[in-house]
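Working notes, beginning with the structure itself.
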Amino acid sequence: MPELPEVETIVRGLARKIVGKTIAGAEVRLARIAVAAPTVDFAAEITGERIVGVRRRGKYAVFELASGSSIVTSLRMTGRLVVARNGQPELPGTHVVLHLNGRARLRFSDVRTFGRMRLVGSHEEWDRELGVEPLSSSFTPEAFIGMLSGRTTPVKALLLDQRRIAGIGNIYACEALWEARIRPSRPSGRLTKPATHRLRRAIVEVLGRAIEMRGTSIDDYVDADGLQGSFQNNLSVYGKTGRPCPRCGASIVRTVLAQRGTWWCRRCQK
DNA sequence: CCGCCGCCCTGCTTGC
DNA sequence: TGCAAGCAGGGCGGCG
């Protein structure tokens, strides 16, 4: 499932391929995927627009258009954004195709149809509820302490809450907590000061390393070229039920926390 | 404000 | 072997 490192990798690839191109037309094959304001036709509205930028915010890929509008794309679990030439084979479940100048096509596919491409106006604050970018200078120790302090919520649930930190999903929450040697169920407000610092650094470190490895491909994720990442080979605990902890050798367990599968080491995560 | 729950959806895994 | 139930999960709306 695409989290921050996967979306970052996709966006960097897309930026290289489609910035400066004009949208000559748009095919919306499944209407509920392409969302616009009630009176606005998504395809008609973006036709003729030039793509002036592609960026990431949290787990969203944002296409910035010359008019000031943006297409905010959420991939959820199985969404994919791939650029291909017209005529090249499509991925299954291709619901939206943007025709760019020349033969380039930007395809959005999603077998589970949870993902969305949403057209937002230039002054629409679509990300008002989204939290801090963990790889930005705003993710300071003080900011992180402010999020944790006084809360009883399990720290893993807090890491998954996009209103606090934007971009962490289940894989990197599990990996960062393992890295910081913190039990996922620990009440957020009960972390010691050193544990808080370890966790903040672990988040930054794990996300950065995953970007270097071009993301984690377990089931569906591919980049803008349709290629897999390689961070799945560097996972310590995610999906590793019964395998030895890379740090202490104890068996990795799977529990359920905040309705999510949670992998961790009972011996060295406290 | 906060936290919890159900829903959306389909492919894969599990169990009989 | 075949089939159906169960499971997976990010974001969102509803509820207490």
Side-chain angles (χ1 to χ4, degrees), chain A residues 1-8 10-11 29-38 56-62 71-81 90-96 108-120 124-134 146-177 184-190 203 207 210 215-222 232 235 237-242 252-264:
Chain A
M1 60 232 84
E3 306 179 21
L4 186 153
E6 289 76 32
V7 179
E8 181 66 28
I10 291 167
V11 160
R29 300 175 190 166
L30 183 59
R32 69 170 181 273
I33 300 287
V35 180
R56 180 193 60 73
R57 173 83 172 94
K59 301 177 196 173
Y60 297 89
V62 183
I71 302 170
V72 177
T73 305
S74 121
L75 300 170
R76 300 289 188 99
M77 272 81 72
T78 53
R80 296 159 153 177
L81 281 168
E90 284 186 357
L91 290 168
T94 297
H95 304 304
V96 180
F108 176 88
S109 69
D110 186 356
V111 288
R112 277 155 92 169
T113 72
F114 278 8
R116 293 290 182 267
M117 296 186 96
R118 192 153 68 91
L119 181 61
V120 301
E124 210 172 316
E125 285 184 86
W126 65 272
D127 66 342
R128 201 165 11 109
E129 303 287 322
L130 269 186
V132 66
E133 283 292 328
M147 293 176 205
L148 297 165
S149 66
R151 301 190 181 281
T152 55
T153 309
V155 62
K156 189 196 174 197
L158 188 133
L159 296 186
L160 294 174
D161 186 346
Q162 302 301 300
R163 294 168 303 178
R164 305 196 184 285
I165 306 173
I168 301 175
N170 206 24
I171 295 174
Y172 300 107
C174 290
E175 292 294 311
L177 287 163
S185 59
R186 275 263 291 277
S188 303
R190 298 265 179 79
I203 289 166
L207 294 175
T216 302
S217 293
I218 293 176
D219 295 313
D220 299 279
Y221 160 71
V222 291
Q232 64 277 12
L235 295 173
V237 288
Y238 182 83
K240 305 282 185 187
T241 314
I252 299 301
V253 295
R254 179 189 185 275
T255 57
V256 175
L257 209 147
Q259 285 96 252
R260 305 272 186 275
T262 301
W263 288 268
W264 55 291

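Below, read A as the first sequence line, B as the second, and so on, with proteins coming before strands; counting in each chain starts at 1. These numbers were taken from a predicted model, which means no experiment stands behind them.
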When pairs are called at under 3.5 Å and a stem needs at least three consecutive Watson-Crick or G-U pairs, the stems of DNA chain B are B:2-16 with C:2-16
Base C:dG9 to side chain A:R76, donor-acceptor N/O within 3.5 Å cut-off
no
In whole angstroms, the gap separating P of C:dC7 from CE of A:M77 amounts to 16 Å
Nucleotide C:dA8, atom P - distance to CZ of A:F114 in whole Å
14 Å
Could you check which of C:dG11, C:dG10, B:dC2 has an atom nearest any side-chain atom of A:Q162?
C:dG11
Is any NZ, NE, NH1 or NH2 atom of the basic residue among A:R80 and A:E6 found under 4.0 Å from an Asp or Glu carboxylate oxygen of the other?
no
Heavy atoms of other groups near A:R190 CZ, more than 12 under 6.0 Å:
no
Checking all strands, does A:N170 fall into the base, sugar-phosphate, or nothing category for heavy-atom contacts under 4.0 angstrom?
sugar-phosphate
Between A:T216 and A:Y238: side-chain donor-acceptor atoms closer than 3.5 Å
no
Presence of A:Q259 side-chain N/O under 4.0 Å of C:dG9 phosphate oxygens OP1/OP2
no
Nearest 0.5 angstrom please: A:S188 OG to A:L159 CG, how far?
7.5 Å
Does C:dA8 have OP1 or OP2 under 4.0 Å away from a side-chain N or O of A:Y238?
no
Which atom names give the shortest non-hydrogen contact between A:I33 and A:G115, and what distance separates them?
CD1-O, 3.6 Å
Hey, does A:T153 reach any base, or is it just sugar-phosphate, or nothing, if we go heavy atoms under 4.0 Å?
sugar-phosphate
State whether A:E133 and A:R56 are salt-bridged, where the test is any N-O pair (Lys NZ or Arg NE/NH1/NH2 against Asp/Glu carboxylate O) under 4.0 Å.
yes
Rounding to an integer number of Å, can you tell me how far A:I171 CD1 sits from C:dA8 P?
14 Å
Categorize A:Y172 for me: base, sugar-phosphate, or nothing, with a 4.0 angstrom heavy-atom threshold over every strand shown.
nothing
For A:R254 and C:dA8, is the shortest distance between a side-chain N/O and OP1 or OP2 below 4.0 Å?
yes
CG of A:L160 versus P of C:dG9: gap in Å, rounded?
10 Å
State which of B:dC9, B:dG3, C:dG11 makes the closest approach to the side chain of A:R112.
B:dC9
To the nearest angstrom, the CZ-C1' distance between A:R118 and C:dG11 comes to 11 Å
note: A:D161, atom CG; B:dC4, atom P; distance rounded to Å ~ 11 Å
Residue A:W263, side-chain heavy atoms: nucleotide from B:dC9, C:dC12, C:dG9 that is nearest
C:dG9
Check this for me, if you would: do A:E129 and A:R164 make a salt bridge, where the nitrogen-to-carboxylate-oxygen distance has to be below 4.0 angstrom?
no
Quick one: is A:R260 getting a side-chain N or O under 4.0 Å of the C:dA8 phosphate, OP1 or OP2?
no
N or O in side chain of A:R163 less than 4.0 angstrom from B:dC1 OP1/OP2
no
Gap between atom CG of A:L160 and atom CD of A:Q259 - 0.5 Å precision
10.5 Å
Within the structure shown, what part of the strands sits under 4.0 Å from A:G93 by heavy-atom distance: base, sugar-phosphate, or nothing?
nothing
